[in-house]
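Presented below is the structure to which this report refers.
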Amino acid sequence: MMSIAENIDLVKLNLPVHVQLVAVSKTKPAELILEAYQNGQRIFGENKVQEMVWKYEELPKDIEWHLIGHLQTNKVKYIAPFVHLIQGVDTFRLLKAIDAEATKRNRIIPCLLQFHIAEEETKFGFSLDEALEMIVSDEFRNLRNVRISGVMGMATFTDDENRIRKEFAHLKAIFDKLKSEYFAQVGDFKEISMGMSGDYLIAVEKGSTMVRIGSTIFGERNYP
Ligand SMILES: *Cc1c(COP(=O)(O)O)cnc(C)c1O
């Protein structure tokens, strides 16, 4: 069996230098995260608020914590003091809650807008129309303590590579449209977070700037 450090190095060999690696450490203990940290990894992704909070408290403070899962508005306050990027902003209500908590802490919290690109109903995310309705509103323009840094999406869980390719191309098209029509002057709007263990090579081919990889680095999880 290969070590976590070797797994990270292998993934990195497949990534162009401009693509950031988020090591998805959900369900994994602090020792394994430290092993990745000692190999130079600094960006980690978690999908549960409580788990991210205890890991933040226990682990080195220069780790950049990304919240990658569905986030409930009433839990934003627990991560607002330290979260580096909230990847799964899927409603205007959530974005406003993040802005309010960030304001209380005198921070600007970077966020990605999550889009629903998969076939599965269960996945979260905006449709393009919903996002546009939000983006053109005065209320959106008046948010001061969130920074929209790009988009995020998850492809359908399938062996059908053409389907995955199409879904990632769709997210890239959404990004390009938003960038050219609404965020052309916003330098921070530059990330396309797409690609997981099973599909990150396709995601990179389709223009990903950030991949979120868990099981390929840390081994299979016992629960999702
Ligand atoms: C768990 C998870 C990942 C990582 O999945 P792997 O298949 O283990 O690489 C990526 N993104 C999100 C949103 C996740 O919940």
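Just so it is clear, the model here is predicted, and its values are computed rather than measured. One-based numbering, in listed order, for ligands and for the atoms of each.
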Qualifying residue for side-chain contact (heavy atoms from CB on, under 4.5 Å) with R147, from D188, V186, L85
D188

Can R221 be said to touch ligand 1, with heavy atoms closer than 4.0 Å?
yes

Non-hydrogen atom of I213 closer than 4.0 Å to ligand 1:
yes

Tell me the contacting part of Q87 for ligand 1: side chain, backbone, both, or neither, using a 4.0 Å heavy-atom threshold, strictly below.
neither

Does K12 come within less than 4.0 Å of D9, counting only side-chain N to carboxylate O?
no

State whether the shortest distance between N or O atoms of [X] and N or O atoms of ligand 1 falls below 3.5 angstrom.
{"X": "G214", "result": "yes"}
{"X": "T216", "result": "no"}
{"X": "N47", "result": "no"}

Could you tell me, atom by atom, which parts of ligand 1 come under 4.0 Å of a heavy atom of [X]?
{"X": "M154", "value": "13 (C)"}
{"X": "S197", "value": "6 (P), 7 (O), 8 (O), 9 (O)"}
{"X": "R212", "value": "4 (C), 9 (O), 10 (C), 11 (N), 12 (C), 13 (C)"}

Among I68, V211, I217, V24, whose heavy atom sits nearest atom 12 (C) of ligand 1?
I68

Regarding E167 and T156, is there a side-chain donor-to-acceptor distance under 3.5 Å anywhere?
yes

CA sep, side-chain torsions, deciding dist, call: K96, D99, salt bridge (Lys or Arg N to Asp or Glu O under 4.0 Å):
CA-CA 5 Å; K96 287 186 272 191; D99 186 72; over 6 Å; no

Indicate the ring-plane relationship of H84 and H66, choosing parallel, tilted or perpendicular according to the 30° and 60° boundaries.
parallel

Take the angle between the ring planes of F189 and F183 and call it parallel below 30°, perpendicular above 60°, tilted in between.
parallel

Test side chain to side chain contact (heavy atoms under 4.5 Å, CB included) on Q41 and I217 and set out the steps.
CA-CA 11 Å; Q41 182 65 30; I217 293 174; 5.9 Å; no

